[in-house]
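Just below is one structure, and these are the notes that go with it.
Chain identifiers are assigned alphabetically (A, B, ...) following the order of the sequence lines, protein sequences preceding nucleic acid strands; residue numbering begins at 1 within each chain. Just so we're clear, the structure is a prediction, and the values are computed from it rather than from any experiment.
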Amino acid sequence: MAIKLFDSLTREIRELRKPDPAHPQDIFSFYNCGPTVYAPAHIGNFRTFVINDVLRRLLELEFGAGKVKHVRNLTDVDDKTIRRAREEGRPLVDVTKQWTAKFHADCAALNCLPPHVEPTATGYIKEQVNMIEVLMEKGNAYRAPDGSVYFKVSSFENYGRLSRVKERELQPGSALAGKVTAADADEKEDVSDFALWKSHKPDDGDNAWESPWGRGRPGWHIECSAMSKAILGDTIDLHTGGEDLEFPHHDNEIAQSECCNGVTFARHWFHSKHLLVDGKKMSKSLGNLYTLDDLVAKGFSPMALRYALLTAHPRKQLNFTLDSLHAAESALASLRAHRASLASSPAAHDTFAPVITALQDDLNIPGALGALFTIINRKTGEPDLASFDRALFVLGLDLTVAAAPKADIPADITALAEKRWAAKQAKDFAAADALRKELAAAGWSMLDSKTDYKLEPVKK
RNA sequence: GGCGCGGUAGCCAAGUGGUAAGGCCGAGCUCUGCAAAAGCUCUAUGCGCCGGUUCAAUUCCGGCCCGCGCCUCCA
């Protein structure tokens with residue numbers, strides 16, 4: 001079976017290239033644009049990373065674990081990281097290290113596999129400079145009077161193919177019209193040109209590197225071109241990211257890389273759609289921007305967030321609500337119960353194969369979840385723990401982690417619970433019920449079993 | 001203004017030219033002092049509206065209405 005995936009460039013569903021078995025060194029190269037590390041990532045960022053994690057798991061299942069190379073970069077120098085460091089009066093590396101660690105912790109909580117290589121922009125300055133030098137030599141770039149270097153968009157005939165930029169000329173009514181004026185445009189020959197190298201400005205502080213064009217720092221787009229080339233080669237099999245990166249980031253990458261290397265940059269492009277919260281784009285002003293920690297503080301488990309992020313097709317906007325997390329917790333509980341019922345089953349046929357089949361068909365994750373529950377409900381096929389686990393692994397749903405992080409139970413709550421348990425053992429049910437109500441009023445529910453009980457906070 | 005996406009049950013969400021997966025919620029039942037869990041059952045003559053093509057359309061075509069995203073450094 002081949003993996004079929006929508007290609008943002010050709011706008012059709014195409015098969016992904018398979019590594020050639022005749023060449024053992026041939027691997028599938030997969031580059032996923034990563035986060036800028038200056039603040040905690042929000043759940044919209046994680047939608048993209050969770051989707052890419054499922055894709056990576058599927059690729060490894062299909063091609064073999066050693067046949068896929070997954071690269072995801074960290075942008076650790078740009079306007080935002082520098083501004084944050086300046087505001088906090090800290091060295092840039094302190095800020096980026098802090099938020100890199102947080103990003104890794106969140107990814108782990110969401111059960112995302114670490115990429116095989118996670119390069120940073122500051123770790124590849126030399127490669128970026130080299131690339132810019134080639135672009136200068138070839139006439140695709142020029143140095144502005146202030147020492148910045150710009151890519152000359154008019155030098156690349158195919159510029160903007162990914163986003164069809166030629167079909168969207170700047171119109172008077174465009175949101176853009178007012179923006180392309182002052183600061184950025186004055187040094188450029190053309191407003192469409194973009195920075196490859198930014199000359200040092202006072203606000204940059206110590207964050208500058210030497211280059212043939214003077215001290216400065218790389219532009220944003222060049223890092224992905226340079227790191228992708230250095231780690232995966234001139235042509236990669238798959239390049240992914242969020243839909244917002246299609247333009248200008250990925251169109252700029254294509255321009256830089258193809259002008260520099262003279263070959264196709266990426267064989268396949270895939271962009272996931274954004275997440276909305278309560279039907280609107282997330283924004284601080286609307287108060288609907290969530291981080292993982294925000295949701296954990298409300299009593300939800302990271303795995304429930306992962307599940308919720310997977311409930312819509314990657315190429316459709318996902319409307320995230322707190323309700324969807326409740327639904328996710330319930331669905332996960334049901335999967336856990338099912339897994340327990342399979343615990344002793346022998347490995348049989350690949351009962352859950354339809355789950356994988358759905359994923360192979362343009363990464364239809366909701367379809368895969370539907371197939372999963374359909375198989376469970378119909379009890380067709382033999383119980384097959386190995387197959388069930390394989391399906392859950394590809395989706396990255398780890399059922400072994402606790403449903404919700406254990407909350408600290410206050411001593412007075414424990415005392416109430418003990419009292420009720422004693423009353424129940426003494427068959428004083430009136431007292432037991434009264435105590436249950438007291439606990440509920442305090443925000444705790446008591447779950448009895450034959451021999452024991454558990455306390456859980458009532459979900460908000 | 002340009003480019004693009006979507007409107008399927010209370011909520012979320014797949015899907016197909018031949019008659020609507022699945023999850024959540026809800027209801028009933030079994031079990032259980034109660035509650036929860038677990039199990040079983042039920043829950044869209046209908047897929048934004050209007051036309052068209054067709055033996056047959058939610059699925060194709062056209063128009064309209066509504067919502068959303070992107071449009072220079074935001075996944």
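- Scanning atom types as modelled, one donor and one acceptor separated by under 3.5 angstrom connect the side chain of A/D433 and the base of B/rG33.
- Between the side chain of A/R164 and the base of B/rC3, no donor-acceptor pair of N or O atoms lies under 3.5 Å.
- Residue-level contact check: A/F194 touches neither bases nor backbone, having no heavy atom under 4.0 Å from any strand.
- At a threshold of 4.0 angstrom between heavy atoms, the contacts of A/Q317 include nucleobase atoms, whether or not backbone atoms are also involved.
- The side chain of A/K273 approaches B/rC5 more closely than any other nucleotide in the set B/rC5, B/rC34, B/rA14.
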Exercise for review: May I have the step-by-step check of ring-ring contact (aromatic ring centres under 6.0 Å, His included) for A/W421 and A/Y453, ending in yes or no?
Suggested key: CA-CA 8 Å; A/W421 187 251; A/Y453 65 87; 5.4 Å; yes

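- Ring stacking holds between A/F429 and B/rG33, with the centres under 5.5 Å apart and the planes within 30 degrees of each other.
- Here the side chain of A/A331 is nearest to one of B/rA13, B/rA75, B/rG23, namely B/rG23.
- Residue A/N377 has no polar side-chain atom (N or O) positioned under 4.0 Å from OP1 or OP2 of B/rG22.
- Among the protein residues, A/K427 comes within range of no part of the nucleic acid, since none of its heavy atoms lies under 4.0 Å from any strand.
- The listed nucleotides are B/rG23, B/rC24, B/rG6; the one nearest the side chain of A/K316 is B/rG6.
- Between A/S330 and the phosphate of B/rG23, there is no side-chain N or O to OP1/OP2 separation shorter than 4.0 Å.
- Not one N or O on the side chain of A/D53 forms a donor-acceptor pair closer than 3.5 Å with the backbone of A/F49.
- Surrounding NZ of A/K102 are more than 12 heavy atoms belonging to other residues, nucleotides or ligands, all under 6.0 Å away.
- A/G219 comes within 4.0 angstrom of nothing in the nucleic acid, heavy atoms only.
- In the interface, the side chain of A/K198 is paired with the base of B/rC73 through a donor and an acceptor atom under 3.5 Å apart.
- Of the residues listed (A/E253, A/Q256, A/E127), the one engaging A/S225 in a side chain to side chain donor-acceptor pair (under 3.5 Å) is A/Q256, and it is the only one.
- In this entry B/rG33 has no Watson-Crick or G-U wobble partner, no candidate having both defining distances under 3.5 Å.
- Base engagement by A/H274 is indicated by at least one non-hydrogen atom pair under 4.0 Å involving a base atom.
- The side chain of A/N319 has B/rC12 as its nearest neighbour among B/rC12, B/rG23, B/rC73.
- In this model, the phosphate group of B/rA36 is not approached by any side-chain N or O of A/R436 to a distance below 4.0 Å at OP1 or OP2.
- The listed nucleotides are B/rA14, B/rA75, B/rG69; the one nearest the side chain of A/E243 is B/rG69.
- Listed candidates were B/rG15, B/rA38, B/rA13. Nearest to the side chain of A/A337 is B/rA38.
- Between A/H313 and A/A333, the residue anchored nearer the 5' end of RNA chain B, judged by the nucleotide with its closest heavy atom, is A/H313.
- Proximity note for A/T311 (side chain, C-beta onward) versus B/rG23, B/rC12, B/rA21: the nearest is B/rC12.
- Nucleotides B/rA13 and B/rG51 have their C1' atoms positioned 29 Å apart, rounded to a whole Å.
- In the region residues 45-53 of chain A, proximity to RNA chain B at under 4.0 angstrom, judged on heavy atoms, holds for A/N45, A/T48.
- Contacts of residues 413-424 of chain A with RNA chain B (heavy atom under 4.0 Å): A/R420, A/K424.
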Exercise for review: Apply side chain to side chain donor-acceptor pair (under 3.5 Å) to the pair A/D237 and A/H268, showing each step before the final yes or no.
Suggested key: CA-CA 6 Å; A/D237 288 310; A/H268 209 115; over 6 Å; no

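- For the pair A/L275 and A/H338, both in contact range of RNA chain B, the more 5′-proximal nearest nucleotide belongs to A/H338.
- One finds no salt bridge joining A/R86 and A/D204 here, because no Lys/Arg side-chain nitrogen approaches an Asp/Glu carboxylate oxygen to under 4.0 Å.
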Practice item. Start with the C-alpha gap between A/H250 and A/H221, add the side-chain angles, then the distance that decides, and say whether side chain to side chain donor-acceptor pair (under 3.5 Å) holds. Key: CA-CA 8 Å; A/H250 287 164; A/H221 314 294; over 6 Å; no

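- Each of A/S228, A/P35, A/P119 was scored for a side-chain contact (heavy atoms from CB on, under 4.5 Å) with A/N73, with one residue passing: A/P119.
- The backbone N or O of A/G370 sits less than 3.5 Å from a side-chain atom of A/T374, completing a donor-acceptor pair.
- Using Watson-Crick or G-U wobble geometry with both donor-acceptor distances under 3.5 Å, B/rC64 finds its partner in B/rG48.
- B/rC3 and B/rC12 have their P atoms separated by 30 Å, given to the nearest Å.
- The partner of B/rU53 cannot be assigned: no Watson-Crick or G-U wobble pair with both contacts below 3.5 Å exists in any strand.
- To the nearest 0.5 Å, atom CG of residue A/D79 and atom NZ of residue A/K201 are 9.5 Å apart.
- For the C1' atoms, the distance from B/rC47 to B/rA57 is 11 Å, rounded to whole Å.
- Side-chain atoms of A/P366 lie closest to B/rA13 of the nucleotides B/rA75, B/rG22, B/rA13.
- With B/rC73, B/rC68, B/rC24 as the candidates, the nucleotide lying closest to the side chain of A/S334 is B/rC24.
- Considering every non-hydrogen atom in both A/T75 and A/E223, the closest pair reads OG1-OE2, 2.8 Å.
- Listed here is the closest heavy atom pair of A/T81 and A/V37: CG2-O, 3.6 Å.
- The residue A/D323 sits apart from the nucleic acid: no heavy atom pair falls under 4.0 Å.
- Nucleotide B/rA27: paired with B/rU41 (Watson-Crick or G-U wobble, both distances less than 3.5 Å).
- Backbone-only contact: A/G242 has heavy atoms under 4.0 Å from sugar-phosphate atoms and none from a base.
- For B/rC70, the paired base is B/rG2 (Watson-Crick or G-U wobble, both distances below 3.5 Å).
- Nucleic acid contact class of A/S324 (heavy atoms, under 4.0 Å, all strands): none.
- Using a 4.0 Å heavy-atom criterion, one finds that A/L447 contacts the bases of the nucleic acid, with or without backbone contacts as well.
- At the heavy-atom level, A/G44 lies under 4.0 Å from base atoms of the strands shown.
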Point to revise | side chain to side chain donor-acceptor pair (under 3.5 Å) between A/E258 and A/Y159, worked out | key: CA-CA 10 Å; A/E258 300 200 349; A/Y159 184 76; over 6 Å; no

